[in-house]
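All chains are named by letter (A, B, ...) in the order of the sequence lines, taking the proteins before the strands, and each is independently numbered beginning at 1. Both backbone and side-chain heavy atoms feed into the values below; hydrogens, waters and symmetry mates do not. Predicted, not measured: the structure shown is a model, and the values here were computed from it.
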2 protein chains.
Amino acid sequence: MKAEKTEAIAIWMVEDDALFREGIRTLVERTPGFFCERAFSNCEDALNDLRTDDAPRILLTDLGLPGMSGIEGMRKVKELSPATEVLVLTIYDDDERVFEAICAGASGYLLKNSSGEEIVSALSQLVQGGAPMNAQVARRVLDLFSRMGGPKGHYDLSPREKQVLHLLVQGLSKKQIADKLIVSFYTIDTHLKNIYEKLHEHTRSGVVAKALRERLI
Amino acid sequence: MKAEKTEAIAIWMVEDDALFREGIRTLVERTPGFFCERAFSNCEDALNDLRTDDAPRILLTDLGLPGMSGIEGMRKVKELSPATEVLVLTIYDDDERVFEAICAGASGYLLKNSSGEEIVSALSQLVQGGAPMNAQVARRVLDLFSRMGGPKGHYDLSPREKQVLHLLVQGLSKKQIADKLIVSFYTIDTHLKNIYEKLHEHTRSGVVAKALRERLI
DNA sequence: AGAACAATACCGTGTACACGGTATTTTGTA
DNA sequence: TACAAAATACCGTGTACACGGTATTGTTCT
């Protein structure tokens, strides 16, 4: 009574394997609260039918597709309709693909060996603001994260030196930094010399690169 | 018969709330395959007892703790025993804390409102190489990820310009770049002028900063 | 065939930078 | 209170950079 067709959540699907596609469609149609509004075999067709004012709440997509890749497709979908939540359902679980998909805006990532039950539960999690992920994929995501957010080099710069470094990375010249900190040009020159020594760098771009790469700021 | 005490997986716990701590201990002890080897009320005590050759497989820790924070604590634990998998169990779900925890090496992140069932299931997922995460936290992680891996600015640099930019970010001078690409100094000078114009920058550090921040390389 | 772009090359000028010195004052802490 | 570290300040020298020109040679697409 409560979940009528008009209140049910629309799902679009992109999946090139017809058998798999129909399987998922049946599964979704059997799930109260959801309905499979459209199903495509490639991104181009889906994008062609997409309107900003008539976009689905959820897009369920494969990654390996003929023509435009699923990644590229979801990028474009998110551009046209940022509110559409994308659930990736694929066989790939390599770092590269997972990373790309997440950067492209995926809100969930399941593998094709998932059970029907898991897929249905993922849809519910999605609408509740969760991010359903295959456990292995989730681990990959955390690993990637900790690797890129990793070392955070430490060269014990003094507080003032950090402040100068910060302004340096903003692109200010010595003169500009001196003015902003209300000290002499020569003072900044000295600070810079000390920073160069501590970071083992000899040019401002070297310092900027190191500061950004190792998140010193 | 199969899961004897000696084969069961050791869990250490750090949790300052005595009531909660004992609750979890009871829960773990009731779970076949796991046992709560040690339980501490702060990180200092846990670190004091930690030996590289006798570290637990799993560390279950709170974040808000008296003295050393849970984040700092797990950082040190992972330093001494990288194989130990840390499952965070806390009330905090803000971006900052989630980000820090993951960078410090957490393999899972649950909130304290989780049911006993969820916690037990998280332990199993952990040993199977998964990364149990609260759905909201998982969404936060994906959002953070897509934000930081986001725009990937595009200023249509020519192939040669990208190459020069790359070397520039490595910290090479015009002369060095020219030598490496076996062209004249003046050629690189011209390329740089064009890069500056395309990126709307006027200094090499500005270019380096933009290239690194917007991942142009 | 011609336009548009990429890559190459050259020059001069003014400015900013890198780095070698040296030296004083403030501040925290042993 | 004495010492170390941080912050401040000054100078000269040589080099590298930023940027204003101009110009030739290839591709490539129309």
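Atom-to-atom, CG of B:L165 to C1' of C:dA6 comes out at 17 Å; the value is rounded to the nearest Å. Taking atom CD on A:E197 and atom P on D:dA6, their separation rounds to 12 Å, with Å as the unit. Taking atom CG on A:D189 and atom P on C:dG21, their separation rounds to 14 Å, with Å as the unit. In this structure, B:R160 places its CZ atom 16 Å from P of D:dG26, rounding to the nearest Å. Atoms CD1 (A:I182) and P (D:dA9) sit 11 Å apart, rounded to a whole Å. Rounded to whole Å, atom P of C:dT22 lies 11 Å from atom NZ of A:K193. One atom, CD of A:Q176, and another, P of C:dA16, lie 9 Å apart when rounded to the nearest Å. Going from atom CZ of B:F185 over to atom P of D:dC17 covers 7 Å, rounded to whole Å.
Using a distance-only test at 3.5 Å, with no hydrogens or angles considered, a donor-acceptor pair links the side chain of A:R140 to the main chain of A:D93. A donor-acceptor distance shorter than 3.5 angstrom exists from the side chain of B:K78 to the backbone of B:T84, with no hydrogens or angles considered. Between the A:S69 side chain and the A:L65 main chain, no donor and acceptor come within less than 3.5 Å of each other.
Side chains of B:R139 and B:Q136: no donor on one and acceptor on the other come within 3.5 Å. Between the side chains of B:D45 and B:N48, no donor-acceptor pair is found at a separation under 3.5 Å.
Here A:K174 lies in heavy-atom contact (under 4.0 Å) with a base. At the heavy-atom level, B:Y196 lies under 4.0 Å from the strands shown only through sugar-phosphate atoms. Among the protein residues, B:T190 comes within range of the nucleic acid bases, having at least one heavy atom under 4.0 Å from a base atom.
Aromatic ring orientation, A:F40 versus A:W12: tilted (interplanar angle from 30° to 60°).
Contact between the side-chain N/O atoms of B:H191 and the OP1/OP2 oxygens of C:dA7 is not found at any separation under 4.0 Å.
Between the CZ atom of B:R204 and the CZ atom of A:R204 there is a distance of 11.0 Å, given to the nearest 0.5 Å.
With distances taken from any side-chain atom of A:Y186 to the nucleotides D:dA18, C:dT8, D:dC10, the minimum falls on D:dC10. The side chain of A:T187 lies closest to D:dT8, out of C:dC17, C:dT8, D:dT8.
Of the two residues contacting DNA chain C, namely B:D156 and B:S184, the nearest-nucleotide position lying further toward the 5' end is that of B:D156.
Direction of the helix axis in the helix from C:dA1-D:dT30 to C:dG28-D:dC3 shifts by 60° between the two five-pair termini, rounded to 10°.
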